[in-house]
Amino acid sequence: MEFKNLSILIKLLLIQYLSVLCVSQSFDFFYFVQQWPGSYCDTAKSCCYPTTGKPAADFGVHGLWPNYNDGSYPSNCDPDSPFDQSQISDLKSSMQESWPTLACPSGDGTTFWSHEWEKHGTCSESNLDQHAYFKTALSLKKQVDLLQILQNAGIHPDGGSYSLESIKDAIKEAAGYTPWIECNNDQSGNSQLYQIYLCVNTSGSDLIECPVFPRGKCDSQIEFPTF
C-alpha cells in the first residue's frame, strides 16, 4: 500500500513539473512591433477610434512577441493566467496613449491588451510577469521613438512615397539594429508603411539583431500616409 501511494505521489509531482515546464517554455527572442495608425485606418477594412478619442499621430505598440530562431513562435501558453487589468492599473493611461486599439467596435483597449497577453505574454511569463510584460513594451517604445527617427531623416507621414531602404537605413542608424518593415495596402491598392519590427533579448531589456525576419515583402517605394 505504501509503495502504491508513493507511486501516485511521484506521478502527481511529475505532472506538476511538466505543467510548469510547459507554461514556462523557453523562447529565443522577442519581436517588438509598432504600427502606424494611418496605415491601419485607410484600408478597405477601416478602423474605429478608441472610446478615449482619436490617438496621437504616432506609432503605437502592437505587441511584444516571443519567437524562436527558426521563425516559429509559441502562443497561448498558459490558459490559467488570464489578463487581469488590475495588475496594470498604474500603466493604463500610458497604455491608452502608447498602445491604443483601433479595432471595431470602439473599445478602451482592454480587449486588445487581453489578446496580446494571453496569446503572446503568457509565453514569456517565466521571464516577465503580466505587469513587467506591459511595462517592458512601454519602455521599449520610449527607447525607440520611430516617428522622430524617421522625421529626423526627412521621412514624414505626409502621404508621400519613400524608398524602403531609406526607411530601414534611418532606423538602423538611429537604433543600431536592422528593422523589418511590414507593408499593407490602402483602399487604392498602394503599398504603404504599416508595421516596424525590432528584435529584443529574452529579458526585454536590450535590442538585438534579429535572428530571423518574418515573411512578406514591400514594394521598393512605399507610402507613409497621414493620420
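Keep in mind it's a predicted model, so treat the numbers as computed, not measured.
Between K141 and D58, at least one side-chain N (NZ, or NE/NH1/NH2) sits under 4.0 Å from a carboxylate O, which counts as a salt bridge. Comment: D108 engages K92 in a salt bridge, judged by a side-chain N to carboxylate O separation of less than 4.0 angstrom.
The nearest pair of heavy atoms linking V212 to F29 is CG1-CZ, 3.9 Å.
The distance between the ring centers of W99 and F134 falls below 6.0 angstrom. Not less than 6.0 angstrom separates the ring centroid of H62 from the ring centroid of Y40. Here Y197 and W180 bring their ring centres to under 6.0 angstrom of each other. For Y194 and W36, the ring centers sit 6.0 Å or farther from each other.
For the pair W117/S81, a side-chain contact is recorded, criterion being any heavy-atom separation below 4.5 Å from C-beta on. Counting heavy atoms from C-beta outward, T111 and T101 have side chains that stay 4.5 Å or more apart.
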Give the C-alpha distance, both sets of side-chain angles, the deciding distance and a yes or no for side chain to side chain contact (heavy atoms under 4.5 Å, CB included) between I167 and L150. CA-CA 7 Å; I167 293 171; L150 293 176; 4.0 Å; yes
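Ring orientation note: the planes of H115 and H120 are nearly perpendicular, at an angle over 60° on the 30°/60° scale.
Taken as a pair, C218 and C183 meet the criterion of an SG-SG distance shorter than 2.5 angstrom.
Counting only N and O atoms by type, the side chains of D42 and Q192 include a donor and acceptor under 3.5 Å apart.
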